[in-house]
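Read the structure below first, then the notes.
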Amino acid sequence: MLAIRLQRVGRKGYPIYRLAVQEAQRHPSSGRVVAYVGTYNPHTKESNVQVELAQKYLDNGAQPTPRIVKLLDAAGVKLPNWVKKADSKSKPIKNAEKLRKNQPKEEVFAEEAPAAEEATE
């Protein structure tokens, strides 16, 4: 069975990914690649997908990973009905009151101003 997955390339601290078609049982970095169907740069969010080639492998049963499904869908590839699209964060947030954005803002400037005056004297 074939899988379409991301294969990391690029330099240290700056990954760039290839969209690789390879055997599903192999590790992405060590398995024999059947074909490359595109690239993805996560820093610029730019993706180049060979739509016809990706469509060919999907029609022949290649299993895309959830990230690949998102990239192929954005590129305009017609996904088969059996491909599951990942839901966007449908889980409720636990302890929403503890999030930093929900905390009351502290007045830092009022406390620092007297301390700065004492230091100058």
Side-chain angles (χ1 to χ4, degrees):
M1 179 169 53
L2 294 178
I4 304 175
R5 56 173 60 139
L6 294 174
Q7 184 182 44
R8 190 187 192 279
V9 292
R11 61 184 164 88
K12 181 179 176 183
Y14 195 85
I16 298 175
Y17 297 95
R18 291 179 182 157
L19 280 62
V21 180
Q22 63 183 161
E23 290 184 29
Q25 288 81 19
R26 301 286 183 178
H27 193 268
S29 61
S30 64
R32 195 186 104 213
V33 175
V34 175
Y36 293 109
V37 295
T39 59
Y40 172 62
N41 186 344
H43 303 284
T44 61
K45 306 295 183 196
E46 179 183 335
S47 65
N48 298 321
V49 178
Q50 298 174 3
V51 176
E52 296 85 19
L53 193 58
Q55 188 70 53
K56 172 188 157 191
Y57 285 108
L58 282 173
D59 291 343
N60 289 325
Q63 304 282 323
T65 60
R67 174 58 70 181
I68 294 292
V69 168
K70 194 173 181 179
L71 290 173
L72 293 178
D73 195 27
V77 176
K78 184 181 176 189
L79 298 172
N81 293 333
W82 50 265
V83 172
K84 295 179 184 176
K85 293 183 180 179
D87 294 334
S88 62
K89 296 191 179 181
S90 59
K91 290 176 59 177
I93 298 173
K94 294 180 182 177
N95 300 323
E97 66 277 358
K98 291 184 178 179
L99 292 176
R100 183 175 293 166
K101 67 180 181 182
N102 294 336
Q103 294 292 321
K105 295 188 178 187
E106 299 177 16
E107 295 184 22
V108 178
F109 296 110
E111 297 175 3
E112 291 182 0
E117 292 176 4
E118 294 175 5
T120 57
E121 293 178 357

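Since the model is a prediction, treat every value here as computed from it, not as a measurement.
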With side chains defined as the heavy atoms from C-beta onward, is the minimum distance between [X] and [Y] less than 4.5 Å?
X   : Y   : answer
P15 : H43 : yes
E46 : Y40 : no
L71 : L6  : yes

Between [X] and [Y], which heavy-atom pair has the shortest distance, and what is it?
X   : Y   : result
W82 : A62 : CH2-O, 3.3 Å
A75 : V51 : O-CG2, 4.0 Å
P64 : V69 : CG-CG2, 3.6 Å
V37 : I4  : CG2-CG2, 4.3 Å
L53 : Y36 : CD2-O, 3.7 Å

**Q.** side-chain contact (heavy atoms from CB on, under 4.5 Å) between L2 and V34, intermediate numbers included
**A.** CA-CA 9 Å; L2 294 178; V34 175; 3.8 Å; yes

Rounding to 0.5 Å, atoms OG (S47) and CZ (R67) come to a distance of 10.5 Å

CZ of R18 to CZ of R8, rounded to nearest 0.5 Å, is 12.5 Å

Closer than 3.5 angstrom, by distance alone: can the side chain of [X] be matched with the main-chain N or O of [Y] as a donor-acceptor pair?
X   : Y    : answer
R5  : A24  : yes
Q63 : L58  : no
E97 : N102 : no

Legend entry - R32 CZ: over 12 foreign heavy atoms closer than 6.0 Å: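 Open.
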
_Heavy atoms of other groups near I93 CD1, more than 12 under 6.0 Å_ = no

Should K85 and L79 be marked as a side-chain contact (heavy atoms from CB on, under 4.5 Å) after you check the CA-CA gap, both sets of side-chain angles, and the distance that decides it?
CA-CA 10 Å; K85 293 183 180 179; L79 298 172; 4.0 Å; yes

Result for side-chain contact (heavy atoms from CB on, under 4.5 Å) between Q7 and one of V33, L19, T39 points to V33

